[in-house]
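Single-structure report; data block below.
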Number of protein chains: 2
Amino acid sequence: MVTNPVPYTRSLHNPEHSGHHTPGSPHARMAAARTALERIGCDLKKPAKNVVFRQGENADFIYFLQSGAIRLDYQLENGRSLVLDFLWPGRFFGIMEDAVYAWSAITLVDVHLKCLRRSAVQTLARNYPDITDLLLKQKTAALMAAKNHIVLMSHPTATSKLIGFLLAYSKQPEYFNQTTQVLTLIMSRKDIADYLGMTFETASRIFKYLETRNYIKKINHRQIQLNMHMLRKP
Amino acid sequence: MVTNPVPYTRSLHNPEHSGHHTPGSPHARMAAARTALERIGCDLKKPAKNVVFRQGENADFIYFLQSGAIRLDYQLENGRSLVLDFLWPGRFFGIMEDAVYAWSAITLVDVHLKCLRRSAVQTLARNYPDITDLLLKQKTAALMAAKNHIVLMSHPTATSKLIGFLLAYSKQPEYFNQTTQVLTLIMSRKDIADYLGMTFETASRIFKYLETRNYIKKINHRQIQLNMHMLRKP
DNA sequence: CGAATAATTGAAAAAGATCAACGTGAGTGG
DNA sequence: CCACTCACGTTGATCTTTTTCAATTATTCG
């Protein structure tokens with residue numbers, strides 16, 4: 001299992017993309033809303049490879065990922081399944097318009113979640129309009145992730161899809177060591193393939209091909225040193 | 001050009017997916033917000049094949065599609081472009097978190113838009129919290145469309161992608177005649193190909209293949225009779 | 001250690017892309 | 001009205017990429 005020597009965490013008060021913010025800034029404005037959410041949320045820890053919620057279950061809770069990583073799976077009627085997204089700390093997930101979850105959420109590593117009852121959030125949102133703003137921002141983040149996913153899938157070759165994936169994934173500070181340039185893959189070849197729309201054999205072969213061309217260097221199956229200069233070139 | 005003998009329109013008071021709704025229902029609750037939006041919006045008509053906004057431009061306006069259809073294009077740095085979505089009446093679009101539009105919006109046919117200044121909507125949202133709810137619902141609709149797009153692109157063959165596209169598109173009452181089973185394609189083969197991640201030659205060949213297998217019958221390049229029974233089968 | 005899972009590799013088949021040529025149909029100007 | 005043009009669509013031949021099916025090697029976990 002992948003260990004996190006220095007866990008990279010996000011709290012509701014230290015959310016995604018928040019930097020230094022002065023009072024009166026959009027981020028600061030939401031502080032009260034975040035505190036209110038903090039109060040109704042309960043902490044939840046889950047080990048790696050566990051189901052947080054399953055597609056079709058009643059969508060009674062929404063979640064905030066404080067540390068770790070999540071994979072969102074969508075199952076088709078014919079049994080095939082695909083990976084819709086990988087989630088990193090700071091992301092809300094499970095925010096559904098409908099009564100049931102439209103996809104499943106699986107932990108990739110040990111995770112620390114904040115668990116919020118949907119009805120409680122809805123009630124609270126009446127007093128704190130910024131909560132709705134926060135959810136809107138999160139939906140926007142999800143939509144941008146989906147757009148980037150579509151762009152990746154539309155790449156003409158499996159090689160460029162995989163390179164695009166590695167470059168996007170290497171933005172995660174917890175899994176990419178800037179000094180050694182080593183990327184720790186917390187998902188399987190099959191997960192990557194199911195995300196990019198290819199078979200896992202093809203994904204495996206492309207890794208091989210990238211190594212022969214010195215784009216990457218495999219330390220082991222889950223640790224890969226990236227030659228960023230080469231990967232960013234074409 | 002494709003004519004719409006009986007234009008299919010949506011107003012802010014007759015939005016997407018709204019059916020009969022009683023006072024006190026979520027839809028009815030938003031009536032005041034919609035009226036307020038109606039007041040600050042101005043009507044805008046555009047002919048077919050016109051730019052509503054271009055990727056990179058200042059995102060000063062958000063739009064509501066009252067009638068017609070829109071194509072959302074994303075241009076990559078390398079010059080390649082892809083179709084992110086097709087929009088139908090009742091959809092808001094151009095709601096950006098950032099200062100500039102992340103993609104372009106092009107009319108496919110003559111359209112009737114409601115045009116709203118972003119700053120005015122933001123101001124109004126302070127008095128009408130339901131406006132933020134409305135935008136959140138619209139983001140959810142956009143995210144679900146993106147999810148369906150990803151599912152389509154992940155299909156293993158070009159044939160199943162195209163069948164999935166035809167079945168989804170045939171849900172648009174303005175372009176699918178339920179009695180004759182004729183679908184009017186308002187987008188080119190290239191648009192479809194750029195949406196599904198294939199070349200337009202492949203899209204053309206699959207149309208041919210579907211005709212030989214009696215899945216479809218071409219009336220002309222833009223009018224196709226669907227054999228729903230066959231298309232839904234596999 | 002040993003079983004189960006994940007990853008790699010090979011060979012053959014299928015699917016799709018590419019490049020090139022040819023139709024078709026709507027709009028234009030003589 | 002008719003030829004012309006231009007964008008769009010179709011089709012063919014060839015080449016490349018990816019999948020499929022099968023076998024083998026690694027790794028992980030109890």
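Not measured: the values here are computed from a predicted model. Order of the sequence lines fixes the chain letters, A, B, ..., with proteins taken first and strands second; residue numbering starts at 1 for each chain.
Applying the ring-ring contact (aromatic ring centres under 6.0 Å, His included) test to residues at least two apart or on different chains, the pairs with a partner in residues 179-208 of chain A are A:Phe86-A:Tyr195, A:His149-A:Tyr195, A:Phe165-A:Tyr195.
What separates NZ of B:Lys218 from P of D:dG9 is a distance of 11 Å, to the nearest Å. Atom CG of A:Asp194 is separated from atom P of C:dA7 by 12 Å (rounded to the nearest Å). Here the P atom of nucleotide C:dG16 and the CE atom of A:Met198 are 15 Å apart, to the nearest Å. The distance from atom CZ of B:Arg189 to atom P of C:dG16 is 17 Å, rounded to the nearest whole Å. Rounded to whole Å, the distance from NZ on B:Lys161 to P on C:dA15 is 14 Å. In this structure, A:Ile186 atom CD1 and C:dA6 atom P are separated by 15 Å, rounded to whole Å. Here C:dT8 presents its C1' atom at 15 Å from CG of A:Asn220, a figure rounded to the nearest Å. A straight line from CZ of B:Phe200 to P of C:dG16 spans 16 Å, rounded to a whole angstrom.
Residues that satisfy the salt bridge (Lys or Arg N to Asp or Glu O under 4.0 Å) test with A:Asp85, not counting sequence neighbours, are absent from this structure. Residues that satisfy the side-chain hydrogen bond (donor to acceptor under 3.5 Å, both in side chains) test with A:Asn214, not counting sequence neighbours, are absent from this structure. For B:Lys190, the salt bridge (Lys or Arg N to Asp or Glu O under 4.0 Å) partners at least two apart in sequence or on another chain are B:Asp194. Qualifying side-chain hydrogen bond (donor to acceptor under 3.5 Å, both in side chains) partners for A:Gln223, counting only residues two or more places apart in sequence or in other chains: A:Thr184. The side-chain hydrogen bond (donor to acceptor under 3.5 Å, both in side chains) test applied to B:Thr202 returns B:Thr199, not counting sequence neighbours. Every residue two or more places apart in sequence or in another chain that forms a side-chain hydrogen bond (donor to acceptor under 3.5 Å, both in side chains) with B:Ser160 is listed here: B:Thr157. Among residues two or more places apart in sequence or in another chain, the salt bridge (Lys or Arg N to Asp or Glu O under 4.0 Å) test is passed with A:Asp43 by A:Lys114.
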Going by atom type alone, with no hydrogens or angles, which donor-acceptor pairs under 3.5 Å involve a side-chain atom of residues 54-64 of chain B and a protein atom two or more places apart or on another chain?
from: B:Gln55; atom 1: OE1; to: B:Gln75; atom 2: N; distance (Å): 2.8
from: B:Gln55; atom 1: NE2; to: B:Gln75; atom 2: O; distance (Å): 3.1
from: B:Glu57; atom 1: OE1; to: B:Arg54; atom 2: N; distance (Å): 3.2

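Both tests pass for B:Lys147 against the ring of A:Tyr74: distance under 6.0 Å to the centre and angle within 45° of the axis.
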Might you list the N or O atoms of the protein lying below 3.5 Å from N or O atoms in nucleotides 22-26 of chain D, with each pair's distance?
none

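A heavy atom lying under 4.0 Å from DNA chain C marks the following residues of residues 205-213 of chain A, by number: A:Arg205, A:Lys208.
Residues A:Ile70 and A:Ile106 fail the side-chain proximity criterion, which asks for heavy atoms closer than 4.5 Å.
Between B:Arg222 and D:dG9, a side-chain N or O to OP1/OP2 separation shorter than 4.0 Å is present. The phosphate of D:dC8 (OP1 or OP2) has no side-chain N or O of B:Ser188 nearer than 4.0 angstrom. A sub-4.0 Å separation between OP1 or OP2 of C:dA17 and a side-chain N or O of B:Thr202 is present.
Rounded to 10 degrees, the angle between the two end axes of the helix from C:dC1-D:dG30 to C:dG30-D:dC1 is 40°, with five pairs used at each end.
Comparing atom distances between the B:Ser204 side chain and each of C:dA17, C:dT8, D:dT11 picks out D:dT11 as nearest.
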